[in-house]
Amino acid sequence: MAIATMITPLLISFFPFLLLIPAICFTICHANSNVLCIQSEREALLKFKNHLIDPSNRLSSWVEGGDCCKWIGVDCHNSTGHVHQLHLAAPLSPYERSKLRGKINHSLLELKHLSSLDLSYNNFSSIQIPKFLGMLGTLTHLNLSQAQFQGEIPHNLGNLSKLQYLDLRGGIMPGWDTKVTSLQWVSGLSSLQYLDLSYVDLRKANDWVQVTFKLPSLLDLHLSYCGLEDDPSPISVNSTKSLVVLDLSQNRFSSVPKSIFSLHGLVSIHLSGNSLEGPIPDYFGNTLFLEVLDLSWNHLNSSIPNSLYSLNRLQFLSLSSNQ
Ligand SMILES: *[C@@H]1O[C@H](CO)[C@@H](O)[C@H](O)[C@H]1NC(C)=O
Ligand SMILES: *[C@@H]1O[C@H](CO)[C@@H](O)[C@H](O)[C@H]1NC(C)=O
Ligand SMILES: *[C@@H]1O[C@H](CO)[C@@H](O)[C@H](O)[C@H]1NC(C)=O
Ligand SMILES: *[C@@H]1O[C@H](CO)[C@@H](O)[C@H](O)[C@H]1NC(C)=O
Ligand SMILES: *[C@@H]1O[C@H](CO)[C@@H](O)[C@H](O)[C@H]1NC(C)=O
Ligand SMILES: *[C@@H]1O[C@H](CO)[C@@H](O)[C@H](O)[C@H]1NC(C)=O
Ligand SMILES: *[C@@H]1O[C@H](CO)[C@@H](O)[C@H](O)[C@H]1NC(C)=O
């Protein structure tokens, strides 16, 4: 009795606020329905998770019935609710446990709006890069850096015509025999702006110049530690005007590849750690926009050519550890 008489006036005085609750709920619930994940995509993600090995349980938020847009590593489009990014890079940690392993299920193909897939720093040493990744046609970013895949890079990746960033830096475990014999597939990547194939053995990929120097949108090209050697038959290419950064450090060139002097837009050239010998070529005078030139750790000798003094944008020049 006593409690009821106390509560009744309380209820009456809060009555106007109680009326507001449906309005508040409508606003919040409606906003939520915008990001609630799409059922078929949730199922696809769960299937993908089922085939992964996740020793440290990084994907513990990925559970049946949940809002997959709130799961760790999952990013949904804010109005359509479609999954558009998967950020599953392993944390930089010395513990092998924090890395995802196992298989990559083709259920990912259900994510029809996926624009970014990041599996970097995990340990997929038991499988090759799946061919079906080439069917994720909406991808603009693919990061498999240091993910330790086996064997070859499937040519199917060349079907990703919207891809802008491809990072395969150290993505393939080095093996006894070199598997990459051609980069022809890369020519299909007509939107590519950034390509990193460093640490991938390209000793047999003799077409690397013809393919990469022609990519129409390429800005950054990183081919360091690829085992590249002098091209015995220098072929003239109609080079892209777009390339700004070229990293060919830590390869086996004994002379500067002439083809790079057709890349007139270059701002940054890295050739350290090769076997360049003789004088510094005069041709660097043609790269008028050059700001960074790293020729350290080679066997260059004689004097600095006058053409280098005409590069009036040059800010960084390293000739250390030469002769
Ligand atoms: C949704 O995304 C668009 C473009 O990505 C952005 O301009 C907009 O501000 C976002 N809206 C909200 C509510 O986050
Ligand atoms: C993908 O998942 C399906 C169904 O769960 C299974 O049959 C298939 O073997 C899986 N493939 C891989 C490569 O894990
Ligand atoms: C990756 O996993 C394999 C076993 O699947 C293991 O032998 C290897 O040492 C791991 N790699 C690294 C760098 O930890
Ligand atoms: C790929 O991932 C690595 C590590 O997570 C990161 O350092 C790198 O910048 C990424 N590459 C691109 C092109 O975003
Ligand atoms: C994808 O690439 C592979 C190998 O380059 C090719 O055989 C296949 O026809 C391509 N598929 C599509 C849908 O373009
Ligand atoms: C470069 O392009 C021009 C005009 O488009 C063409 O005539 C020439 O054959 C091309 N050269 C090479 C080496 O592809
Ligand atoms: C520079 O190196 C080249 C090739 O190693 C050699 O033939 C030449 O004599 C050297 N020149 C000087 C000035 O040391």
Side-chain angles (χ1 to χ4, degrees), residues 40-54 58 62 64 72-73 75 85-94 98-112 115-172 180-200 205 207 211 215 217-224 244-245 247:
S40 60
E41 299 194 350
R42 175 172 54 226
E43 281 161 13
L45 288 170
L46 287 171
K47 200 180 274 184
F48 167 65
K49 177 189 172 175
N50 276 343
H51 293 269
L52 291 173
I53 301 167
D54 178 13
R58 276 171 56 207
W62 293 36
E64 206 81 52
I72 191 148
D75 221 14
Q85 300 188 4
L86 278 183
H87 295 290
L88 298 173
L92 276 177
S93 118
S98 60
K99 296 179 179 188
L100 300 172
R101 291 187 280 128
K103 299 203 169 104
I104 298 177
N105 199 268
H106 56 241
S107 65
L108 285 184
L109 291 176
E110 282 295 313
L111 308 175
K112 304 271 188 241
S115 65
S116 178
L117 177 60
D118 183 353
L119 297 173
S120 59
Y121 286 87
N122 290 297
N123 183 350
F124 290 107
S125 58
S126 62
I127 58 167
Q128 302 199 346
I129 296 177
K131 289 195 167 87
F132 78 79
L133 293 187
M135 290 162 73
L136 291 167
T138 49
L139 278 189
T140 59
H141 291 65
L142 178 59
N143 194 340
L144 303 179
S145 149
Q146 310 288 348
Q148 304 180 57
F149 284 98
Q150 266 182 25
E152 309 174 53
I153 304 172
H155 296 178
N156 308 62
L157 293 189
N159 293 344
L160 297 172
S161 58
K162 292 191 177 156
L163 203 62
Q164 294 170 12
Y165 293 81
L166 177 56
D167 194 344
L168 288 172
R169 183 183 188 84
I172 309 279
V180 181
T181 53
S182 167
L183 288 183
Q184 194 49 50
W185 58 275
V186 172
S187 57
L189 304 174
S190 52
S191 306
L192 206 61
Q193 296 176 15
Y194 182 100
L195 176 61
D196 194 337
L197 292 173
S198 298
Y199 295 91
V200 176
D207 54 3
V211 172
L215 286 170
S217 313
L218 198 65
L219 297 169
D220 274 70
L221 177 59
H222 300 266
L223 300 174
S224 119
V244 172
V245 176
D247 182 0

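All values reported here derive from a predicted model rather than from experimental measurement. We count ligands from 1, going down the list as the structure has it; atoms in each ligand are counted the same way.
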Quick one, N143 and Y121 - any side-chain contact, counting heavy atoms below 4.5 Å? no
Any heavy-atom pair between the side chains of K47 and E110 that's under 4.5 Å? no
Take atom CD1 in I72; do more than 12 heavy atoms of anything else shown fall under 6.0 Å from it? no
Looking only at protein heavy atoms, which one is nearest to [atom], and what is the separation?
| atom | value |
| --- | --- |
| atom 7 (O) of ligand 4 | Y121 CE1, 4.8 Å |
| atom 13 (C) of ligand 4 | Y194 CE2, 3.6 Å |
| atom 4 (C) of ligand 2 | K47 CD, 4.0 Å |
| atom 9 (O) of ligand 4 | D167 OD2, 4.6 Å |
| atom 14 (O) of ligand 4 | N143 ND2, 4.0 Å |
| atom 5 (O) of ligand 4 | S120 OG, 2.9 Å |
| atom 3 (C) of ligand 2 | N105 ND2, 3.6 Å |

Check each atom of ligand 5 against the heavy atoms of H155 and keep those under 4.0 Å away; list them by number with element. 5 (O)
Using the ring of each side chain (for Trp, its six-membered ring), is W62 parallel, tilted or perpendicular to F48, with breaks at 30° and 60°? tilted
Under 3.5 Å, side chain of S217 to main-chain N/O of S190, donor-acceptor pair present? yes
Where on N159 is there a heavy atom closer than 4.0 Å to ligand 5, on the side chain, on the backbone, on both, or on neither? side chain
Between H222 and Y194, does the ring-ring contact (aromatic ring centres under 6.0 Å, His included) criterion hold? Intermediate values first, please. CA-CA 8 Å; H222 300 266; Y194 182 100; 5.4 Å; yes
Residue from S198, S224, S120, S145 passing side-chain hydrogen bond (donor to acceptor under 3.5 Å, both in side chains) with R169: S198
Does any N or O atom in H51 lie less than 3.5 angstrom from one in ligand 2, N or O only? yes
Please check if a non-hydrogen protein atom sits closer than 4.0 Å to atom 11 (N) of ligand 4. yes
Consider side-chain contact (heavy atoms from CB on, under 4.5 Å). Of V186, L219, L163, L189, which one does L195 pass it with? V186
